[in-house]
Amino acid sequence: MRVVMFGYQTWGHRTLQALLDSEHDVVTVVTHPRSEHAYEKIWSDSVADLAEKHDVPVIIRNRPDDELVDQLSEVAPDIIVANNWRTWMPPEIFTLPVHGTLNIHDSLLPAYAGFSPLIWALINGEPEVGVTAHMMDEELDAGDIVVQRAVPVGPTDTATDLFHRTVDLIAPVTVEALGLIASGQREFTPQDRSKASFFHKRAEEDIRIDWNWPAEDLERLVRAQSAPYPAAFTYHRGRRIEVVSAVVSEGRYGGTPGRVFYREGDGVVIVAGADARTGRNRGLAVTRVRTEDGRELPATEYFTSMGGYLTGRP
């Protein structure tokens, strides 16, 4: 089939490579310009560079326009394949090919439609994550599922671990889905919209530690914001510190959320949970921190004395 590929960053790069390695003919690539957004500088393999290396024409757009519709009409694709296209795609584009548009999304749809699904899923303690190939329709990430593959989430997995595990699913999921479409299959699995959820882009406010969260949730937040993602942060004596690593405490600690309380093992326990006053909660044992000047050190060295509070703002 003649394929137009829409994509961006490493997700789009892996999709394009899979298409180039397949029996299908990539006739045009559409991608976004480079961005300085913190999350868009991560996993930023260039779709444009890969296309140009293989002499595939490249169109760069922030969002579709009438000129793009005309350009795509001229190349007459049989199908569009999209992965990590960051803006709305109008019906005059996604319905243009005879086989429509296949979107590749890094979640187990219908859950975690939208942005940063791996991070949100890890924070929420999901037991598995994955990749879904679905047919695009008017609602974002809501079309019929063609192929879906899952991988388990381990108890110490970071978002970086899950990225590498799911990005390796892109090629087989894409190629299998295209094979089904090329074979003439047209009926796929409708999404159960009662199970749908939709998440926004991550921003600095989303990595600010709220000590009213249970320690178990905070521990997953720290893992979700693993390098190269921006680390979860808090304030100590008016200075910002990043929590690089942490575990849920063995003991239960009562008091006020955010209290720097007790050395336990290799960490320093911070009281956590909105109902911490009951004494039934485990705390977050912070093990490594990074200071404003970029120094990373064990929490037991940073917190030279117990007492005081970690806060959301200076």
Side-chain angles (χ1 to χ4, degrees), residues 6-8 11-12 14-15 39 79-91 94-95 99-155 157-181 185-203 205-207 210 213-214 216-221 223-225 229:
F6 277 66
Y8 188 50
W11 295 270
R14 287 292 188 96
T15 305
Y39 282 86
I79 193 167
I80 292 172
V81 176
N83 192 345
N84 200 38
W85 179 254
R86 311 289 282 180
T87 58
W88 180 68
M89 188 182 295
F94 72 73
T95 63
H99 295 301
T101 294
L102 180 75
N103 187 54
I104 314 299
H105 182 71
D106 55 335
S107 86
L108 297 175
L109 294 174
Y112 297 94
F115 299 92
S116 302
L118 292 178
I119 294 177
W120 289 113
L122 180 53
I123 290 170
N124 292 330
E126 299 294 350
E128 59 183 9
V129 294
V131 171
T132 302
H134 70 95
M135 302 308 300
M136 188 175 287
D137 63 14
E138 293 83 357
E139 189 174 352
L140 184 63
D141 295 335
D144 291 356
I145 294 171
V146 182
V147 175
Q148 187 173 80
R149 296 287 179 269
V151 292
V153 178
D157 279 339
T158 65
T160 304
D161 296 328
L162 299 180
F163 165 80
H164 289 297
R165 209 170 297 154
T166 55
V167 80
D168 286 342
L169 294 176
I170 289 174
V173 165
T174 302
V175 172
E176 181 179 350
L178 285 178
L180 292 172
I181 293 167
Q185 187 167 334
R186 296 293 178 269
E187 297 296 323
F188 302 110
T189 305
Q191 294 190 37
D192 181 350
R193 303 309 296 158
S194 69
K195 298 179 180 178
S197 56
F198 181 64
F199 286 81
H200 61 72
K201 293 180 181 179
R202 302 285 294 176
E205 193 61 31
D206 304 306
I207 61 175
D210 181 349
W213 284 22
E216 293 80 2
D217 293 356
L218 292 176
E219 187 269 342
R220 291 195 299 269
L221 172 65
R223 284 192 282 127
Q225 295 300 145
Y229 297 104

Checklist entry - So among D144, T189, N103, which one has a side-chain hydrogen bond (donor to acceptor under 3.5 Å, both in side chains) with H134? => result N103
Next on the checklist: According to side-chain contact (heavy atoms from CB on, under 4.5 Å), who are the partners of A203, at least two apart in sequence or on a separate chain?
Outcome noted: D206
Item to check | Donor-acceptor pair, side chain of N84 and main chain of Y8, under 3.5 angstrom | outcome: yes
Item to check | Selection residues 166-179 - residue pairs positive for salt bridge (charged side-chain N to carboxylate O under 4.0 Å, His left out), sequence neighbours left out | outcome: R14-D168, R149-E176
Checklist entry - Would you call R223-E219 a salt bridge at under 4.0 Å N-O? => result yes
Checklist entry - Just by modelled atom types, is the G7 backbone N or O under 3.5 Å from a matching donor or acceptor in the N83 side chain? => result no
Next on the checklist: Show the nearest heavy-atom pair for residues L109 and D141, with the distance to one decimal.
Outcome noted: CD1-O, 3.6 Å
Checklist entry - Ignoring hydrogens and geometry, is there a side-chain-to-backbone donor-acceptor pair from T166 to D106 under 3.5 Å? => result no
Checklist outcome for this item: Rounded to the nearest 0.5 Å, the CD1 atom of I104 sits from the OG1 atom of T174 at a distance of 3.5 Å
Item to check | side chain to side chain contact (heavy atoms under 4.5 Å, CB included) between F94 and M135, intermediate numbers included | outcome: CA-CA 9 Å; F94 72 73; M135 302 308 300; over 6 Å; no
Checklist entry - Which value, rounded to the nearest 0.5 Å, describes the distance between E138 atom CD and M136 atom CE? => result 11.0 Å
Checklist outcome for this item: G114 and H105 have their tightest heavy-atom pair at O-CE1, 3.2 Å
Checklist entry - Where do I181 and R186 land on the side chain to side chain contact (heavy atoms under 4.5 Å, CB included) test, with the steps shown first? => result CA-CA 7 Å; I181 293 167; R186 296 293 178 269; 4.3 Å; yes
Checklist entry - Where is the tightest heavy-atom contact between F188 and P190, given as atom of each residue plus distance? => result O-CD, 3.2 Å
Next on the checklist: Could you check whether any side-chain heavy atom of Y229 comes within less than 4.5 Å of a side-chain heavy atom of L118, counting everything from C-beta outward?
Outcome noted: no
Checklist entry - Looking only at heavy atoms, which two atoms of S107 and A113 are closest? And how far apart? => result OG-N, 4.3 Å
Item to check | Qualifying residues under side-chain contact (heavy atoms from CB on, under 4.5 Å), relative to L108, sequence neighbours excluded | outcome: E128, Q148, A150
Next on the checklist: Quick check: closest heavy atoms across A142 and Q191, and the distance to 0.1 Å?
Outcome noted: C-NE2, 3.1 Å
Checklist entry - Would D217 and I123 satisfy side chain to side chain contact (heavy atoms under 4.5 Å, CB included), going step by step from the backbone distance to the final call? => result CA-CA 6 Å; D217 293 356; I123 290 170; 5.8 Å; no
Item to check | Main-chain N/O of L122 paired with W120 side-chain donor or acceptor, under 3.5 Å | outcome: no
Checklist entry - Which heavy-atom pair separates P152 from R165 by the least distance, and what is that distance? => result O-NH1, 3.1 Å
Checklist entry - At what distance, to the nearest 0.5 angstrom, does OG1 of T101 lie from CD1 of I80? => result 4.0 Å
Next on the checklist: Would you say the ring centers of W11 and F163 fall short of 6.0 Å from each other?
Outcome noted: yes
Item to check | Distance (rounded to the nearest 0.5 Å) between F6 CZ and T87 OG1 | outcome: 8.5 Å
Checklist entry - Nearest 0.5 Å, what's the CZ-NZ distance between R86 and K201? => result 5.5 Å
Next on the checklist: For Y112, is there any backbone N or O sitting under 3.5 Å from a side-chain donor or acceptor partner on S197?
Outcome noted: yes
